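Here is the structure we will look at.
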Amino acid sequence: MRRENAGFRTGFVSEEGTKLLNRDYFAYVEMDDYACYVAADSLDDEKEENSAKVVVECILREFTEHPTMRSFTLKRMIRKAHRELLRNSRGLRLRACVSVAVTNYVKCRYLTVGNSRFALLRNDRFLYESKDQSLTENLVQQEAIPRDKAAIHEERNNLYSYLGQNNGRIDIQVSRKRKLANGDILLLYTRGIWENCNYVELKDTAKDASTPQEMADNVEELILGRQNGEIDNYTLAVTFVDKVYLNPKKRWSVKQVLAIVIPILIVLLVLGITLFVRYRIRSGWKKDMQQHRESADQYIAYDNYEPAVEEYKQSIELAKKLKDEESQEESERRRLLAEQILLADQAMEDGDYNKALELYGKAKELSGQTGGSGADHIKEQCDRIAKYQELYELLESAETKESYGDYAGAASLYQQAKKTASELYDQDARKEALNKQREAEESLEQMRQEQMAAMEQKIQQTIEDEKVAQELEDQSLMNDKKNALELESKGNELMNNEDYVSAIPYFQTAKSMYASLGMEDRAAVLEEQIEASEKLAKEAKRKAEEEAQKQSQEEKEAAEAKAAADEARQAVQEMKDAEKDKALEEAKEAAKEAQKAAEENKKAAEENKKAAEENKKAAEEAKKAAEEAQKALEEAKKAEDDKNTEEDEDAKGEGQKGE
């Protein structure tokens, strides 16, 4: 009764194209509860037997006997058609492609083998379509070529599955059950259609057609109107679904109930088993997590942090699986603590103590967050670092003192460093400190011996220097007395020669020497001599100034005489016009007188000049005498020194001889 209460209309076209025979075949059967539509395409050129017809008739015959939508049964029908092709070959090779659509007027299912196609149009779009079993389709799936180029690709008929193949099992593509809707269009078509008409053109013909036959005719007209030359056999079956069957009273059958209950029971059973297994697994995880954590804590108690980190990591992974955030956070803190201590230990082994202290400080904070885990190890290592720093500071201070020559202080510091290294059980550092202590002590002993030798030499040199100084002092007194007498004699000689200015320095020098020798009476006598010389020098200087003034007066008179001569010459010139002869005589007489006065003035000037030169010469001689006196004083002092040296050498020789 479904067929009568549903609206399915079918139309088709199947022609030979440009071939001599039409080797495509289409047929369908509509029964009360099911309908089956089959389109086949022959792949051979046998004229005696139509492979497509054999396949379609076999499938419809089987379906009529056993109408169903079960995929297994439908696939068995297609395999039976395949075997029938093989039986009917009889030396021939029959091959075919097939597309099948089965419906119960509510849902449909399609099956394909080869490159015959099925498509379902809904609301002007292809909702479902089959896939070819060809090399071209594989290339399209791999995106090696675009789908719109598949219809003209050279490998489109290179099939890997078809009915009638005698090598291998055929591959039947079966779709799931698809629910139909009013207005759907079912299409079955062979390669003669899809090679010459694309999806867009099929949709356009569906829009303009009111009946399935009209749509099939429009597609045929479109293909033939192109006149592409060679056109293969083409078959197109169109089914319009005007109305889908609606069940007026749907009852729950035992099969339907079982179909619902059994899956529910299975799900419940699987869920129960899953929950039980999950509980057992989680219990095992929890136990393992606790064991890993306890093992890690035990490792930390023995200061073995590297395996502790691995144990904490496994504990964290199990806590993540159990979604136990509290245990995960606790294990994570302990893992961070262990890793921090490992980093600090490594920095300490590398000798980077500042970095190690910083890392131990962070580890101490983490230890406080984990209940004091690893605190003893951290404290012990920090104390060791402090001792190492103290050790290196002692060694550095000792080297500094040693560089400054303080070997005693360096040896003391090296001894302290040796003691600190012994407390750290660092044999290398202890050995280094001991060797440097021995070197410092040896250097100190050597320095002491050198100082003692230098002190003895200095004392001996001081004794000798004092003895020589006393001898030199005695000799110097004798020389000074002699030199003072000589200077006094030279001064008296210069006074006798009236060279008072030159005599004064000799007297002053002799006076100073007498004063330094403590001969005050001789110094007083020389003081009187100096005063007398100064008075006499002043008197000589006054006379020289008077002579110079007199000379200046004579020069003035000479200038006046010259002026008078000039006046006389002018008078002569004036008298030339009046009394030339008388004036000439008077002029001659005046000239003679002027010449005479000039000669006298000239003579006086020469005398004055001579007196000035004599005064200048006297001053130069006084200066020269003073220089000679100074030179004589130096020569006398040098002679006295040479004499004292000779006497010292003679006294030394006599002392050696006496010894």
Side-chain angles (χ1 to χ4, degrees), residues 1-14 25-40 56-57 59-71 73-74 77 98-112 116-130 174-190 193 197 199 201-222 234-251 253 256:
M1 297 295 291
R2 290 188 177 190
R3 178 184 176 187
E4 295 177 0
N5 292 286
F8 279 66
R9 291 181 296 162
T10 301
F12 71 95
V13 61
S14 182
Y25 199 83
F26 170 74
Y28 68 97
V29 59
E30 293 180 347
M31 305 170 67
D32 288 340
D33 294 328
Y34 296 97
C36 182
Y37 307 88
V38 184
V56 172
E57 289 178 348
I59 291 174
L60 289 178
R61 184 171 60 248
E62 290 296 321
F63 184 80
T64 304
E65 293 178 0
H66 306 285
T68 183
M69 286 186 68
R70 295 174 60 189
S71 61
T73 305
L74 294 174
M77 293 177 187
V98 68
S99 57
V100 180
V102 180
T103 179
N104 60 357
Y105 305 105
V106 178
K107 298 179 181 179
C108 78
R109 169 176 274 164
Y110 61 87
L111 301 89
T112 61
S116 288
R117 296 183 179 179
F118 167 85
L120 189 151
L121 271 169
R122 179 180 295 172
N123 298 327
D124 295 331
R125 71 186 185 91
F126 283 89
L127 189 61
Y128 306 113
E129 59 180 333
S130 63
V174 183
S175 73
R176 294 185 298 169
K177 291 181 181 180
R178 308 293 184 182
K179 191 172 182 180
L180 297 174
N182 295 339
D184 286 350
I185 300 175
L186 306 180
L187 300 177
L188 292 174
Y189 52 100
T190 60
I193 297 295
C197 184
Y199 294 123
E201 291 169 339
L202 284 173
K203 288 191 292 184
D204 291 341
T205 55
K207 291 179 183 178
D208 300 333
S210 59
T211 64
Q213 190 61 49
E214 183 181 359
M215 178 181 174
D217 294 340
N218 290 340
V219 173
E220 182 181 23
E221 183 178 353
L222 178 65
Y234 57 87
T235 296
L236 172 62
V238 182
T239 300
F240 280 13
V241 181
D242 297 330
K243 181 183 177 184
V244 177
Y245 171 72
L246 298 175
N247 191 353
K249 188 178 180 181
K250 191 173 183 180
R251 296 180 178 179
S253 64
Q256 291 175 327

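As a basis for the values below, the full set of heavy atoms in this structure was taken, side chains included, without hydrogen atoms, waters or symmetry mates. In this chain, numbering begins with 1 at the start of the sequence shown. All values reported here derive from a predicted model rather than from experimental measurement.
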Query - Within 45° cone and under 6.0 Å: Arg2 NZ/CZ vs Tyr105 ring - result: no

Query raised in the report: Taking all non-hydrogen atoms of both residues, which atom of Ala181 and which atom of Val241 are closest, and how far apart?
Result: O-CG1, 3.9 Å

Query raised in the report: Shortest non-hydrogen contact from Pro212 to Gly11?
Result: CB-N, 3.5 Å

Report task. Report the C-alpha separation of Ile193 and Val219 in whole Å, then their side-chain angles, then the decisive distance to 0.1 Å, and conclude whether the side-chain contact (heavy atoms from CB on, under 4.5 Å) test is met. Result -> CA-CA 8 Å; Ile193 297 295; Val219 173; 4.3 Å; yes

Report task. Would you check if the side chain of Arg117 reaches a backbone N or O of Tyr189 as a donor-acceptor pair within less than 3.5 Å? Result -> no

Requested in this report: Give the minimum heavy-atom separation between Arg125 and Lys203, together with the two atoms involved.
Outcome: CA-CD, 4.0 Å

Query raised in the report: Can you tell if the side chain of Asp33 reaches within under 4.5 Å of the side chain of Pro67, non-hydrogen atoms only?
Result: no

Report summary line: On a heavy-atom basis, the closest approach of Thr64 and Met31 is O-CE, 3.9 Å

**Report entry** Worked verdict on Val98 versus Ile59 for side-chain contact (heavy atoms from CB on, under 4.5 Å)
**Finding:** CA-CA 10 Å; Val98 68; Ile59 291 174; 4.0 Å; yes

Query raised in the report: How many angstroms lie between atom OH of Tyr245 and atom NZ of Lys107, to the nearest 0.5 angstrom?
Result: 14.0 Å

Report task. For the residue pair Leu180 and Leu186, establish whether any side-chain heavy-atom pair is separated by less than 4.5 Å. Result -> yes

Report task. Apply side-chain contact (heavy atoms from CB on, under 4.5 Å) to Phe8 and Tyr28, showing your working. Result -> CA-CA 12 Å; Phe8 279 66; Tyr28 68 97; over 6 Å; no

Query raised in the report: Got a salt bridge between Asp32 and Arg3, using NZ or NE/NH1/NH2 to carboxylate O under 4.0 Å?
Result: no

Query raised in the report: Should the ring pair Phe26 and Phe12 be called parallel, tilted or perpendicular, given that the plane angle runs from 0 to 90° and is split at 30 and 60?
Result: tilted

Query raised in the report: Would the number of heavy atoms belonging to other residues, nucleotides or ligands and lying under 6.0 Å from CZ of Arg70 be above 12?
Result: no

Query raised in the report: Which class fits the ring pair Tyr34 and Phe63: parallel under 30°, tilted 30 to 60°, perpendicular over 60°?
Result: perpendicular

Report summary line: Between the CD atom in Glu65 and the CG atom in Leu60, the distance rounded to the nearest 0.5 Å is 11.5 Å

Query raised in the report: Where the side chain of Thr190 meets the backbone of Thr235, is there a donor-acceptor pair that is under 3.5 Å apart?
Result: yes

**Report entry** Pairwise distance OG1(Thr112) to CD(Glu129) - rounded to 0.5 angstrom
**Finding:** 11.0 Å

Report task. Start with the C-alpha gap between Leu187 and Met215, add the side-chain angles, then the distance that decides, and say whether side-chain contact (heavy atoms from CB on, under 4.5 Å) holds. Result -> CA-CA 11 Å; Leu187 300 177; Met215 178 181 174; 3.8 Å; yes

Query raised in the report: Of the non-hydrogen atoms in Lys243 and Asn5, which two are nearest, and what is the gap between them?
Result: CE-O, 3.6 Å

Query raised in the report: Going by atom types only, do Thr239 and Thr10 share a side-chain donor-acceptor pair under 3.5 Å?
Result: yes

Requested in this report: Would you give the length of the straight line joining atom CG of Leu236 to atom OG1 of Thr205, rounded to the nearest 0.5 angstrom?
Outcome: 8.0 Å

Query raised in the report: Rounded to the nearest 0.5 Å, what separation is found between the CG atom of Leu74 and the NE2 atom of His66?
Result: 12.0 Å

Query - Residue Glu221 excluded, over 12 heavy atoms near CD under 6.0 Å - result: no

Report summary line: When rounded to the nearest 0.5 Å, the distance separating CG of Asp242 from CG of Asp184 is 10.5 Å

Report task. Return yes if some donor-acceptor pair links the side-chain N/O of Asn182 with the main-chain N/O of Val244 below 3.5 Å, else return no. Result -> yes

Query raised in the report: For the residue pair Tyr110 and Phe118, does the interplanar ring angle fall in the parallel (under 30°), tilted (30 to 60°) or perpendicular (over 60°) class?
Result: parallel

